[in-house]
Each structure stands twice: as structure tokens, then as C-alpha cells.
There are 2 protein chains.
Amino acid sequence: MTEGVVERSRPRERILETARDMFHKHGIKGVGVDAITEAAGTNKMTLYRHFESKDELIVECLRANAAKAGAMWDVFEAEFPGDKLAQLHAWVRKAAAMLNADGRGCDMANAAAELTEPDHPARLVIKELKEAQRERLVTLCRDAGIGQAELLADTLSLLFEGARVSVQTVGNEGPSMQFVRMAEGLIVSFRGTAAG
Amino acid sequence: MTEGVVERSRPRERILETARDMFHKHGIKGVGVDAITEAAGTNKMTLYRHFESKDELIVECLRANAAKAGAMWDVFEAEFPGDKLAQLHAWVRKAAAMLNADGRGCDMANAAAELTEPDHPARLVIKELKEAQRERLVTLCRDAGIGQAELLADTLSLLFEGARVSVQTVGNEGPSMQFVRMAEGLIVSFRGTAAG
DNA sequence: TCTGGAAGTTACAGACCGGTAACACCCTAG
DNA sequence: CTAGGGTGTTACCGGTCTGTAACTTCCAGA
């Protein structure tokens with residue numbers, strides 16, 4: 001009895017989960033707090049008891065997204081223990097899978113597009129989380145024995161980021177279809193020039 | 001006297017120009033029609049006499065953006081008549097310049113992030129305009145003698161698109177700094193495998 | 001000079017937004 | 001049993017949003 005069903009977890013968790021989903025689907029400015037709380041089966045007062053403002057809720061959603069996405073690195077390590085190159089290829093496959101998951105791009109990128117005020121609290125955490133993601137990919141490339149690890153990681157990052165917005169604008173049968181081919185080709189090419 | 005100063009052109013032009021600028025800077029949902037008309041030195045009634053809704057204004061702004069961006073292809077042709085490879089390199093330089101122009105990404109991509117309703121009128125023209133842009137780049141690559149023209153064009157597209165969102169999230173000193181190096185390397189690589 | 005259409009002005013409708021106040025409820029820890 | 005904190009409910013505030021109505025002003029062309 002102490003362990004509640006997920007459907008009936010604490011209000012804070014339900015609000016956070018619901019907000020993440022609705023922000024992702026309809027954009028941040030496209031969703032009001034009333035809609036979130038109603039979908040979460042609670043009310044506005046409870047939301048404002050747990051989050052001091054909508055902006056703080058947005059920030060918490062972004063952090064939760066990053067935390068969930070960050071878990072994939074552990075999955076890669078579990079699937080291919082020690083084999084960093086295999087983990088890099090796993091990242092490519094995972095990225096490709098995300099492209100076909102739904103037509104919405106990266107939540108952080110979308111948030112950055114919507115929240116234009118230069119001092120919006122979300123902008124700081126977006127930058128910080130994106131930089132952390134980059135670090136992980138660079139490290140993976142380096143540990144996989146790639147010579148120019150930073151350059152490969154940045155290239156793969158830009159390709160993936162571009163593919164996500166491409167899916168959002170022209171759908172998943174446009175340039176993003178070639179993502180895996182591009183990424184795999186790049187890895188091969190960078191491994192060729194690896195050296196030591 | 002018949003030729004009015006740009007500052008005092010017809011209201012429709014002023015509204016369109018002002019809306020393009022404000023949508024770009026603050027996002028679509030971040031700008032109301034009142035703010036647009038005031039900045040354009042006119043009023044809401046005049047806007048609604050020329051555009052039947054804000055959505056139509058949005059669509060017209062996107063078309064105007066694409067038209068202005070499309071003019072660059074003619075500039076390339078004028079700068080390097082007949083030399084398609086030089087024009088491709090000019091595209092790379094132009095793209096890099098856009099990355100440092102301001103911290104805002106592509107207006108169409110940003111609009112697609114904001115306007116999530118699947119049947120929003122803007123989504124159709126975004127897709128159509130993006131596909132036209134892709135066609136032009138593919139044609140340029142093909143005319144430049146690249147063997148796998150579609151693949152190179154798509155790769156460059158994704159890189160550029162990704163670089164624009166990267167600038168928007170982490171600034172122009174992140175992965176997007178390497179854009180020119182990546183693009184030039186790709187062109188060299190694809191020319192090597194050109195063949196006939 | 002007269003006229004007609006484009007543009008400006010003011011006010012408003014109806015909806016939604018983020019956020020708060022006051023109060024009733026319920027459930028669990030003591 | 002009781003006290004108290006978390007939660008639900010209702011109503012509200014001030015502001016902003018898209019879009020419209022009714023009216024006035026202005027200016028160019030006949």
C-alpha cells in the first residue's frame with residue numbers, strides 16, 4: 001500500500017510527467033498550466049505549491065528530460081561493456097530510432113526556439129545540459145580510439161541535431177533518412193585517419 | 001513623389017517587414033498583432049484589412065523569408081558564373097556567416113517548433129519551401145560534378161541545420177564553430193569519390 | 001471641387017493566460 | 001481520537017490575446 005501505482009503517484013510527479021509530455025507535443029507556450037494540471041488529474045493550486053512558477057516547471061522538465069536521456073549511456077555500457085566503438089555505433093542506432101519516434105524535435109532545441117528572452121532561466125540550463133551531452137559524446141569518441149574525437153563528436157552532434165529539425169519541418173522521409181549512412185561513413189572515415 | 005521612402009512605404013509592406021523581424025527575434029507566439037502594428041507605425045484594423053488572420057500573416061512572412069533567402073543563389077551565380085563548385089563553396093561561406101549573424105536559428109525551423117497543430121497552414125508552406133531549398137542545393141552539387149549529389153546536399157543541409165540550432169542552444173562557440181571545416185572536408189571527400 | 005477608397009482611431013467582445021486567496025476535505029502519524 | 005499537513009475546490013485578479021464594429025480622417029484621381 002505504501003507503493004502507489006504510477007497512475008496515482010504523488011501529485012508532483014504526475015504534474016512533472018504530464019508537463020514533460022505536453023510541452024513536448026504542443027510546445028511550451030502552447031500549453032497552459034490549467035491544461036497541465038487537469039491532464040495530471042490535479043489542480044492549479046497544487047502545481048503552485050510544488051513549483052513557484054511556470055518557468056521553474058519548465059526548467060524542471062528540461063532537467064528531467066536530460067536525466068532520462070542520460071540514462072542511455074549506461075544502457076550502452078551495459079550492452080557493450082568496455083567496447084567503446086560498439087557503444088558509439090549504438091548511439092547512432094539510438095539516434096536514428098529517435099528520428100522515427102515522432103515528428104517533434106529535441107525538447108531543448110524547441111524550448112530555445114520558443115523562449116527568446118536572453119535571461120530566461122531555461123536558457124542557462126539548456127546550455128549547460130547541451131554542453132554536458134557534448135562532453136559525453138566527445139569522451140566516447142576519444143575512448144573509442146578516434147584521433148580527432150572532438151571533431152567527430154561535434155560533426156555527429158550537428159548531423160543529429162539537424163536531422164531532428166529536418167524531421168520536424170519536412171518529415172522523416174527527407175534528408176534525415178540518410179542519417180545512419182552519414183554517421184557510419186563519418187566514423188569509418190575518422191577511424192581511418194585515427195593514428196596514435 | 002510617387003516613389004515613397006522605404007520608411008513610409010505602403011502599410012502592407014511595413015507590416016510584413018516588421019512582422020518578419022519581430023517573429024524572427026521573439027518567436028511567433030511571443031509577438032502579438034498589436035505589437036507588430038504599433039512597431040510598424042500603423043494599427044490593428046489596417047493589418048486585418050490586408051491579412052485575414054495572424055496565421056495568414058505568418059505564412060506570408062515565411063514566404064517572404066524564403067524569397068529573400070532564395071536570392072542568394074543568384075548572387076552566387078553572378079559572383080562565379082558557370083563555376084558551380086565555386087558557388088558551392090560560396091554557399092558554405094554564406095552559411096557560416098549566417099551562423100555568426102545572430103543567435104536565432106532558421107525561422108522556418110523555429111516556426112515548426114512553435115506551431116504544433118498538424119494542420120496549421122504554416123506547416124504546409126514550411127515543408128514546401130524546405131523541399132525547394134533542398135532541390136536547389138542538390139542541383140548545385142550535381143552541376144558541380146559531385147557523384148553522390150543528393151547525399152552530399154543532404155549531409156550539408158543537416159550540418160547547417162544542426163549548426164543553427166546549436167548556435168541557438170549553446171552559442172556560436174560550440175560545435176557550430178567547426179561547420180566550415182566539416183563542410184569543406186565533406187566536399188573534398190565527395191569530390192574524391194566523384195567518378196563519371 | 002467633389003468623391004471614393006484607403007488608412008487611422010476608439011472601443012469592445014470573448015477567450016485565455018499566470019498566479020493568488022480563502023476555505024473545505026481527507027488521510028495519516030502521533 | 002486528534003492534530004496537522006497535503007490536497008482539492010471555487011472564485012477571483014489583472015493582464016494579454018485575436019478579431020471586429022463603428023466612425024473619422026485623409027488623400028489622390030476625375
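Order of the sequence lines sets the chain letters (A, B, ...), proteins ahead of strands, with each chain counted from 1. The analysis underlying the following values was restricted to heavy atoms, covering all of them including side chains, and did not include hydrogens, waters or symmetry mates.
Applying the 4.0 Å criterion to OP1 and OP2 of D:dT7, one finds that A:Thr42 has every side-chain N and O outside that range. Within the 4.0 Å cut-off from OP1 or OP2 of D:dG8, at least one side-chain nitrogen or oxygen of A:Thr46 is found. OP1 or OP2 of C:dA7 lies within a sub-4.0 Å distance of a side-chain N or O belonging to B:His50.
Atom-to-atom, CG of A:Leu57 to C1' of C:dC17 comes out at 15 Å; the value is rounded to the nearest Å. Rounded to an integer number of Å, the gap from CG of A:Leu47 to P of C:dT20 is 11 Å. If you take CG of A:Asn43 and C1' of C:dA22, they are 14 Å apart, rounded to a whole angstrom. A straight line from CZ of A:Phe51 to C1' of C:dG18 spans 15 Å, rounded to a whole angstrom.
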Seminar exercise, completed: Contact string for nucleotides 17-29 of chain D, one letter per nucleotide 5' to 3', B = base within protein heavy-atom range under 4.0 Å, S = sugar-phosphate only, - = neither, reads -BBBBB-------
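Comment: B:Lys84 engages B:Glu77 in a salt bridge, judged by a side-chain N to carboxylate O separation of less than 4.0 angstrom.
Partners of B:Glu131 according to the side-chain hydrogen bond (donor to acceptor under 3.5 Å, both in side chains) rule, which considers only residues two or more places apart in sequence or in another chain, do not exist here. With sequence neighbours excluded, the residues forming a salt bridge (Lys or Arg N to Asp or Glu O under 4.0 Å) with A:Lys44 are A:Asp34, listed by chain and number. For B:Arg123, there are no side-chain hydrogen bond (donor to acceptor under 3.5 Å, both in side chains) partners at least two apart in sequence or on another chain. Every salt bridge (Lys or Arg N to Asp or Glu O under 4.0 Å) that B:Arg63 has, sequence neighbours left out, goes to B:Glu128. Partners of A:Asp21 according to the salt bridge (Lys or Arg N to Asp or Glu O under 4.0 Å) rule, which considers only residues two or more places apart in sequence or in another chain, are A:Lys25.
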